[in-house]
Chemist: 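Mind having a look at this structure? Questions to follow.
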Amino acid sequence: GENVEQHPSTLSVQEGDSAVIKCTYSDSASNYFPWYKQELGKGPQLIIDIRSNVGEKKDQRIAVTLNKTAKHFSLHITETQPEDSAVYFCAASLTNFGNEKLTFGTGTRLTIIP
Amino acid sequence: EAQVTQNPRYLITVTGKKLTVTCSQNMNHEYMSWYRQDPGLGLRQIYYSMNVEVTDKGDVPEGYKVSRKEKRNFPLILESPSPNQTSLYFCASSSPSGGGGETQYFGPGTRLLVL
């Protein structure tokens, strides 16, 4: 099955600086790569996603890049703000007989230092 | 408001006492799923359902049961809970298009402690 590795597990950056979180996946058939943000006491919420036919996607201060050959994808947050502090999960999805199963990374706790 | 709701949000129980965690979505989604979240392991899929009366095992189904009698509801049942089922549980739903990769919406989570 799919295996997703995520690094780093914790990340602290000064407010206004950029943050980068990296993930690798094992199954070359995976075709959808979402990123979720989990705030304290809440469920994961999708912040951005990318499909395997696209190399990069941007939405205001966040962007995701995908390298299918190397089987890795990254989340980039620019001009970080205190409200960006949360746990971020990457995931890879392979639709198999209708099962939209997400295989998650182990999460990155991002702390923005004011 | 489109949402996935779970109840209860917090639960403390004892080994062997049957419990049910309810999940309901108001988005008319066909696909629903249960995950558990444990430190250092991310979220792992327990069971999923592609539609009413259609359920199947995920990666960690041992000790759990599910049912899907109505489209909006997908309860998670622990017939005889054990301490290793202490975890944070999330229900999720989506409306698959067939091509894969549809946004999954997560509930707020249920924190379970089994003594």
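Treat the numbers as computed from the prediction; the structure is a model and nothing was measured. First the proteins, then the strands, lettered A, B, ... as listed; each starts at 1. Only this structure's heavy atoms are used, side chains among them; waters, hydrogens and symmetry mates stay out.
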Chemist: Is B:Leu41 close to chain A through its backbone or its side chain, or both, or neither, when contacts mean heavy atoms under 4.5 Å?
Modeler: backbone

Chemist: How about A:Gln38 and B:Phe90: do any of their side-chain heavy atoms sit closer than 4.5 Å?
Modeler: yes

Chemist: Applying the 4.5 Å side-chain criterion to the ILVMFWY set and letting contacts propagate, would B:Leu19 and B:Leu76 be lumped into a single cluster?
Modeler: yes

Chemist: Under 4.5 Å heavy-atom distance to chain A, tell me which part of B:Arg44 shows up: side chain, backbone, both or neither.
Modeler: neither

Chemist: Out of curiosity, does A:Phe33 fall in the hydrophobic cluster containing A:Leu75 (side-chain heavy atoms, cut-off under 4.5 Å, transitive links)?
Modeler: yes

Chemist: Can you tell me how far apart CZ (A:Phe89) and CD (B:Gln37) are? Round to the nearest 0.5 Å.
Modeler: 4.0 Å

Chemist: Identify, with sequence neighbours excluded, every residue that meets side chain to side chain donor-acceptor pair (under 3.5 Å) alongside A:Lys58.
Modeler: none

Chemist: In residues 105-115 of chain B, what donor-acceptor pairs under 3.5 Å come from side-chain atoms, sequence neighbours left out?
Modeler:
unit_1	atom_1	unit_2	atom_2	d
B:Thr110	OG1	B:Gln6	NE2	3.1
B:Thr110	OG1	B:Pro8	O	2.7

Chemist: Would a single hydrophobic cluster contain both A:Ile48 and A:Leu11, if residues Ile, Leu, Val, Met, Phe, Trp and Tyr are joined by side-chain heavy-atom contacts under 4.5 Å?
Modeler: yes

Chemist: Between CG of B:Asp38 and OG1 of A:Thr106, what distance do you get to the nearest 0.5 Å?
Modeler: 12.5 Å

Chemist: Measuring only between side-chain heavy atoms, which start at C-beta, is A:Asp49 closer than 4.5 Å to B:Thr103?
Modeler: yes

Chemist: Are B:Leu43 and B:Tyr64 linked, directly or through intermediate hydrophobic residues, by side-chain heavy-atom contacts shorter than 4.5 Å (ILVMFWY only)?
Modeler: no

Chemist: Under 4.5 Å, counting heavy-atom pairs only, tell me which of B:Asn51, B:Val4, B:Asp59 racks up the most with chain A.
Modeler: B:Asp59

Chemist: For residues B:Gln104 and A:Leu46, determine if any side-chain heavy atom of one lies less than 4.5 Å from a side-chain heavy atom of the other.
Modeler: no

Chemist: So for A:Tyr36, is it side chain, backbone, both, or neither that comes closer than 4.5 Å to the heavy atoms of chain B?
Modeler: side chain

Chemist: Is there a continuous path of hydrophobic side-chain contacts, each under 4.5 Å between heavy atoms, that joins A:Val20 to A:Ile62?
Modeler: no

Chemist: Please classify the contact of A:Pro34 with chain B as side chain, backbone, both or neither, using a heavy-atom distance under 4.5 Å.
Modeler: neither

